[in-house]
Each structure stands twice: as structure tokens, then as C-alpha cells.
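Here is the naming used below: chain letters follow the sequence lines, and residue numbers restart at 1 for every chain. Quick caveat, the model's predicted, so the values are computed rather than measured.
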Amino acid sequence: MPRRLQRADFSRSTDAVARRLLGCTLCHRVGDDVIRGRIVEVEAYTDDPASHAADGRRTQRNSVMFGTAGVAYVYFTYGMHHCFNVVTEKEGIPGAVLIRGIESLPHAAGPALVCRAMQLTRRDNGRDLATDPNLWIEAGRRRPRERMIQTTRIGIGKGTDLLRRYYLFGSPGVSRRDRRAESAPVELPDQ
DNA sequence: CACACGATGCGCT
DNA sequence: GCGCATCGTGTGG
């Protein structure tokens with residue numbers, strides 16, 4: 001039986017957690033069903049220009065980013081979409097990993113599609129993935145020979161030079177591929 | 001209180 | 001590749 005990720009798994013640097021989450025399974029219990037998605041694409045947002053916590057400002061929306069690692073940060077955007085993040089870093093330091101793609105049934109390529117498929121909304125904001133009975137992440141790994149690609153984040157105007165997006169090569173759950181990065185033979189550690 | 005815009009997705013060109 | 005839907009949130013007046 002897979003291990004549930006706990007506080008210590010989340011209370012690390014955002015990029016380390018991002019990489020670690022690739023291959024893990026996001027689980028959401030809805031009624032009698034558990035919706036599962038294997039995480040295949042993520043982005044790291046810390047104290048950088050594209051983060052909701054850029055310049056360290058704490059607002060009502062980004063508040064949980066400053067709190068306990070492992071807590072869900074779900075926000076509403078474009079008047080119609082939700083995006084799901086996992087809070088990282090030590091208490092007081094803002095950070096979160098955006099889940100951008102899952103594979104399983106069905107695949108969901110894109111952060112808003114992930115929330116739609118997993119039935120996650122702002123009502124889930126603030127839930128603790130380490131303790132919540134209905135929302136958790138199960139440990140998982142890359143498959144043998146399944147490459148991790150590192151590239152730039154998507155849909156942002158600032159911090160576009162930072163290589164903080166990670167995805168699993170070949171997964172149908174990846175939103176946008178970067179052929180350039182895929183052809184560069186860079187071997188990355190899991191964390 | 002008004003307003004500009006977004007960590008997107010979809011449909012059309 | 002491009003424009004638009006649609007509204008919560010943050011910022012500034």
C-alpha cells in the first residue's frame with residue numbers, strides 16, 4: 001500500500017517538492033469514490049516575480065502560501081477556472097507547487113482541467129494534505145526510463161527565464177511540451 | 001468604490 | 001496562432 005506524503009515531504013524547497021511530486025498520486029475522496037490522478041506536470045512558485053506571493057505581500061487570497069507546508073492552495077482565475085497548489089517551504093516562507101497535469105482516468109492536461117477532473121474548487125483551499133481524510137497524495141516515482149523534463153513556466157509575464165516547470169516525458173497528461181528541452185539530454189535528480 | 005487583469009481553455013483561422 | 005469568455009482579487013483613488 002502506497003505511503004501517504006506527510007508534513008516533512010512538503011516542508012522543503014519548492015523546486016525539490018515539485019520534482020518529488022512527479023509520479024505521485026493526487027487523491028480526492030468524493031462521496032463513495034476516490035478520484036486519483038498521477039501527477040505528471042508541475043510548476044514551482046516561491047519568492048519570485050511570477051508568484052502570487054511576489055515581493056512577500058500577504059493577501060487574503062495567497063494567505064495559505066505563507067502557512068503550513070502540505071496545505072492545499074486553490075484559487076479561482078479567469079472568472080471560470082480553478083488551480084490547485086500544494087504549499088511548500090517552512091512556516092512563514094511563501095511557496096507552492098502548481099499541479100498542471102495528471103494522467104489516469106481521465107487525463108487532464110492543464111491546471112484548470114486538473115481541478116475539473118479531480119473536482120477541486122476553492123472549497124478545498126486550506127485543506128491539509130497531510131491529515132485531511134478526503135484529500136491526500138500517495139508517494140510515487142518515475143517509471144524506469146521515464147525522463148523528467150525541466151523548462152520554463154506557462155502563462156506568466158514575469159520570471160519567464162526561470163526553469164521551474166517539470167514534467168514527465170511522453171505523458172498524455174502534459175499540457176504543453178517543450179521539444180527544445182526534450183531534446184537536451186539533461187539528467188535530473190528526483191529532488 | 002471603480003477598474004484592470006489574470007499561474008486558462010476552447011474554438012476558430 | 002489568436003481572441004474571447006467571465007469574475008474574483010488586488011490596488012489605487
### Query
Of the nucleotides B:dC10, B:dA7, C:dG10, which one has an atom closest to the side chain of A:H52?
B:dA7
### Euclidean distance, atom CD1 of residue A:I99 to atom P of B:dA7 [Å, nearest integer]
17 Å
### Message
Closest approach to the side chain of A:Q60, judged atom by atom: which nucleotide of B:dT8, C:dG10, C:dA5 is it?
### Response
C:dG10
### Message
Need one value for A:A112: base, sugar-phosphate or nothing, where a base atom within 4.0 Å counts as base even if backbone is also close, heavy atoms only.
### Response
sugar-phosphate
### Message
Regarding A:T68 and A:E91, do their side chains bring together a donor and an acceptor under 3.5 Å, going by distance alone?
### Response
yes
### Task
Check every atom of C:dT9, B:dG6, B:dG9 against the side chain of A:R122 and return the nucleotide holding the closest atom.
C:dT9
### Message
Between P on C:dG1 and CD1 on A:I154, what's the gap in Å once rounded to a whole number?
### Response
13 Å
### Query
Is the count of non-hydrogen atoms from other residues, nucleotides or ligands lying under 6.0 Å from A:R4 atom CZ greater than 12?
yes
### Minimum-distance nucleotide (side-chain atoms of A:M80 versus B:dG6, C:dA5, B:dG9)
C:dA5
### Message
Distance check needed: B:dA7 P versus A:L113 CG, whole Å only.
### Response
17 Å
### Message
Using a heavy-atom cut-off of 4.0 Å across all strands, would you classify A:R116 as base, sugar-phosphate, or nothing?
### Response
sugar-phosphate
### Task
Report which part of the nucleic acid A:R61 touches: base, sugar-phosphate, or nothing (heavy-atom distance under 4.0 Å, all strands).
sugar-phosphate
### Query
Are A:Y78 and C:dA5 stacked, counting the six-membered base ring, centres under 5.5 Å, planes under 30°?
no
### Euclidean distance, atom NE2 of residue A:H107 to atom C1' of B:dG9 [Å, nearest integer]
18 Å
### Message
What's A:F76 touching, base or sugar-phosphate or nothing? Going by heavy atoms closer than 4.0 Å.
### Response
sugar-phosphate
### Query
In terms of hydrophobic clusters joined by side-chain contacts under 4.5 Å, are A:V87 and A:L120 together?
no
### Query
How long is the line joining CZ of A:R100 and C1' of B:dT8, in whole Å?
8 Å
### Task
Assign A:I156 to base, sugar-phosphate, or nothing according to its heavy-atom contacts below 4.0 angstrom with the strands shown.
sugar-phosphate
### Query
Just by distance, with hydrogens left out, do A:Y167 and A:E43 show a side-chain donor and acceptor under 3.5 Å apart?
no
#### Entry: Quiz item: A:Y75 side-chain donor-acceptor pair to B:dA7 base, under 3.5 Å
yes
### Task
Return the value, rounded to whole Å, for the distance between atom CG of A:N85 and atom P of B:dT8.
11 Å
### C:dC2: pairing nucleotide in any strand, Watson-Crick or G-U under 3.5 angstrom
B:dG11
### Message
Taking the basic N atoms (NZ, or NE/NH1/NH2) and the acidic carboxylate oxygens, is any pair closer than 4.0 Å for A:R164 and A:D48?
### Response
yes
### Task
Find the distance A:H81:NE2 to C:dT9:P and express it as a whole number of Å.
16 Å
### Query
Paired with C:dC7: which nucleotide, if any, by Watson-Crick or G-U wobble criteria at under 3.5 Å for both distances?
B:dG6
### Query
Under 4.0 Å between a side-chain N/O of A:T77 and OP1 or OP2 of B:dT8, yes or no?
no
